[in-house]
Every structure is written in C-alpha cells, then in structure tokens.
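Whatever order the structure lists ligands and atoms in, that order sets their numbers, starting from 1.
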Amino acid sequence: MKDLIDQIVNSACKEIKIINDSRSLEEFRVKFLGKKSELQNLLKKIGTLSKEEKPVIGQALNKAKKTIYELFNNLKNGLEISEQDSKLKSELFDLTLPGVKVPIGHKHIISKSIEEICDIFINLGFEVKIGPELETDFHNFEALNIPADHPAREDFDSFYSESGQLLRTHTSPVQIRAMLNEQPPIAMVCPGKCYRRDSIDATHYPMFHQVEGLLVDENITLGDLKGVLESFCHRMFGSHTELRFRPSFFPFTEPSAEVDISCVFCGGKGCNICKNSGWIEILGAGMVDPEVFKAVNYDSEKWTGFAFGMGVERVAMLKYDINDIRFFYENEIEFLKQF
Ligand code: PHE
C-alpha cells in the first residue's frame, strides 16, 4: 500500500508540471484530491488494516494528501497571478503617453465672413433677417419689378420646383418679405444662400451667398447709401479703401449703381487681378424703385430707401486673398484650417 501511495504522489508530481491553465488544474484536483480519488479510496480501506499498519499507512496517506494539496495550491496561486498579470497587461495603458487630441472644428470661412459683414451693419444700426431659400415667383421676381417677360429674368432663370417655386436667385426677395411684414423705418441686412444656373469656374458656382441690405425711411438719399457703404468698406477692407459708384441697372432700384473698391491687391495702381484698372467690383446697389414700394403697398411719396446686395464669396476672396471660389466648397481641410 505504501508503494501505491508513493506512485500516486509521483504521478501527481509529474502531471502538475504540464498544467498551465486553471481548467486543467481543476481536473488535477478532482483526480488526486476529489472524493473519488485513489487517495480517498485508500483512506476508506484503512479500517481493514492491521493495528500496526493503520498508523503507518494513515500517516503516509495524510502526508501524500498534504504534498499533493501543496502542489495544487502553489500552482493555483501562480496561475492566478499570471492570469491577472496578462489581463492587466492587455488593459494597461501608458500614463506618460500624450493624450489623443479630439479635433475641434471651427466655423467655415463663409460663415465667418457672413458674421463679419453682418457685425459691421449691426454696429451701423441694421438688424439681421433671414428668408426662405425656396421662393415664390412673386417675391423673387414680380414684386421686384421683374415681370414674367422681363429680359432680366434670363440671367436669373433658375431651379424650379414642381409647385412653381424656385431656389431664390438673390437675397432681394427678403426685402419684399420685410416690407410686407412691417412699416418703415426698416434697416435690415439678410445673409443667405442663392442659386443660379451658372457653370462652375474660378469665380462662379451654382450656389453662393449674398448679404442683402435694405433701409427705408423718410428722406433717405443716395448720399446715405454712399455713407453706409463707405463705412462698411472701410471697416471690412481698411480705412484707406476708396469707393466708386458706376451707373448700372437693376429693375428694383432707380438709380442703380455697381460699386467698386480700390483694388485691395495693388492699392489702385493696377495689377492682373483688377485687370490694370485699379478697381474691383464688390456689390450692386441703388435707391428702391417706386414700383417695388407699390408692390408692398408703401407710399412712395412718403418713403424712400436704398438697397444693396453683395456676394459673400467675392468679399471673402478679396479680403483673404483666395483666388478660386471652388476652394470654399471642396472641404479641403488644409485650406479651411487657414481661416
Ligand atoms: N439682387 C442683385 C443681384 O443679385 C443685387 C442688388 C441688390 C442690387 C439690391 C441692387 C439692390 O445681382
């Protein structure tokens, strides 16, 4: 029996060496220390032994059990530590590593330019209004003195919906909405998107932004228009900027002008950007045509006003020296990051 006990201990010693995970260790425990283990069977047989053998074998069995239990327990502790270790290792992070930066975006250059433009007019006492991008023929054309057969429609012929509405071709319809809504005095600017059937090139895009301006009150003159636009241009492009009003035509203003500023690139000396003229066009403007007042039921004997409309992309291109309108819309992060 003594030999048998030794054999059991020996094979436990051998088997424990090849165990490297807690499942096989549990199998080991059941096999050598469990209720149905050989040692347990031998223990049951002790009663059948002679008086002399009993204590000897009893002691040997206890010793064997203790030895095997220690083998088991040591490995169990070892495995727990290494399993914890590898779990920790897989979860471990290096506190000294620099953090992962979450990129925070910023406003698009067009949004910023709109804010810059509007801020200047807010300081001059104008309020900001917004109008819909899908407009009626009445607001976009008719009320602005552009009847259905007017040749000016051709430049504007645009994107129509099935219901007969169109994507507005300018922000001028917001003038109409403002005047239909309230009585003078009105001093408002309206930023927003416009749409035209233009082919894409360095200065054209079928969607672009304008800021519209409208001021209606008693005794408003062309001088007021000049003063406001001069203030604006000085603040936007610098106080040395000069303005030039060129006679022009818009169906909704009379007289009308196209306004140029002295070239921001050459200071008026002449370069390729201003085509050697020293001037760059930045907006259209004029005194509100009495026909427009008629359309919104304003008394044109009592009220006078001026309106203007500028292209935001154009202003931004001049101010930030950007030479292609397409840059604004290509989502080229390196370009956008600069502003
Ligand atoms: N609506 C005109 C355009 O888009 C600009 C403009 C606005 C001209 C107001 C005069 C007065 O070209």
Side-chain angles (χ1 to χ4, degrees), residues 114 117-118 121 124 126 128-133 135-147 150-159 166-179 186-198 203-217 220-222 224-230 232-233 243-261 280-293 295-296 298 300 303-315 325:
I114 288 176
I117 296 168
C118 288
F121 285 106
L124 292 171
F126 287 70
V128 177
K129 289 198 188 296
I130 299 293
E133 288 173 31
E135 264 299 2
T136 65
D137 188 274
F138 172 77
H139 292 89
N140 196 80
F141 295 126
E142 205 74 38
L144 287 163
N145 197 26
I146 314 174
H150 196 289
R153 282 218 184 188
E154 206 165 300
D155 304 333
F156 277 155
D157 228 355
S158 175
F159 303 96
L166 73 155
L167 289 174
R168 67 179 175 197
T169 56
H170 49 179
T171 42
S172 300
V174 189
Q175 290 183 36
I176 303 301
R177 290 183 176 274
M179 290 189 279
I186 291 179
M188 65 133 209
V189 284
C190 163
K193 290 185 169 67
C194 306
Y195 302 84
R196 285 190 197 167
R197 210 191 41 200
D198 280 339
T203 53
H204 294 88
Y205 214 80
M207 184 281 300
F208 60 100
H209 299 77
Q210 283 187 336
V211 173
E212 187 84 9
L214 173 73
L215 187 140
V216 184
D217 205 338
I220 299 299
T221 68
L222 196 65
D224 296 312
L225 172 62
K226 276 189 98 170
V228 165
L229 290 181
E230 202 167 79
F232 166 74
C233 290
L243 266 73
R244 179 172 81 169
F245 281 61
R246 265 185 301 113
S248 183
F249 172 78
F250 297 104
F252 35 92
T253 48
E254 179 62 35
S256 303
E258 232 132 1
V259 180
D260 301 338
I261 54 170
I280 292 186
E281 184 197 318
I282 62 152
L283 55 85
M287 302 308 290
V288 179
D289 194 296
E291 283 300 311
V292 175
F293 283 149
V296 298
Y298 275 12
S300 58
W303 306 113
T304 45
F306 64 72
F308 58 85
M310 71 182 84
V312 175
E313 281 79 356
R314 189 163 178 83
V315 169
I325 198 172

Those atoms of ligand 1 less than 4.0 Å from some heavy atom in Gly309 = 6 (C), 7 (C), 9 (C)
Is a side-chain donor or acceptor of Arg168 paired with a backbone partner of Gly131 at a separation under 3.5 angstrom?
-> yes
Of all protein heavy atoms, the one nearest atom 2 (C) of ligand 1 is Phe252 CZ, 3.8 Å
With heavy atoms only and a cut-off of under 4.0 Å, state how Ala285 meets ligand 1: side chain, backbone, both or neither.
-> backbone
Asn140 side chain to Thr169 backbone, donor-acceptor under 3.5 Å | yes
Looking only at distances, please establish whether an N/O atom of ligand 1 is found under 3.5 Å from an N/O atom of His170.
-> yes
Verify, without hydrogens or angle tests, whether Glu212 (side chain) and Ser172 (backbone) share a donor-acceptor contact under 3.5 angstrom.
-> yes
Residue-ligand contact Arg196/ligand 1, heavy atom below 4.0 Å | yes
Does any N or O in the side chain of Tyr298 come within less than 3.5 Å of the main-chain N or O of Met179, such that one atom is a donor and the other an acceptor?
-> yes
Enumerated ligand 1 atoms positioned under 4.0 Å from heavy atoms of Thr253 = 11 (C)
Carboxylate-amine/guanidinium contact Glu142 Arg153, below 4.0 Å = yes
Any residue meeting salt bridge (charged side-chain N to carboxylate O under 4.0 Å, His left out) with Glu133, in chain and number order, not counting sequence neighbours | none
For Ser172, the ligand 1 atoms with a heavy-atom partner under 4.0 Å come out as 1 (N), 7 (C)
Numbering as shown, the atoms of ligand 1 that approach Ala307 to under 4.0 Å (heavy-atom distance) | 9 (C), 11 (C)
Sequence-distant partners of Phe252, ring pair (Phe, Tyr, Trp, His ring centres under 6.0 Å), two or more places apart | His170, Phe250
Of all the atoms in ligand 1, which lie at a distance below 4.0 Å from a heavy atom belonging to Phe308?
-> 7 (C), 9 (C), 11 (C)
Gln210 near ligand 1, heavy-atom distance under 4.0 Å?
-> yes
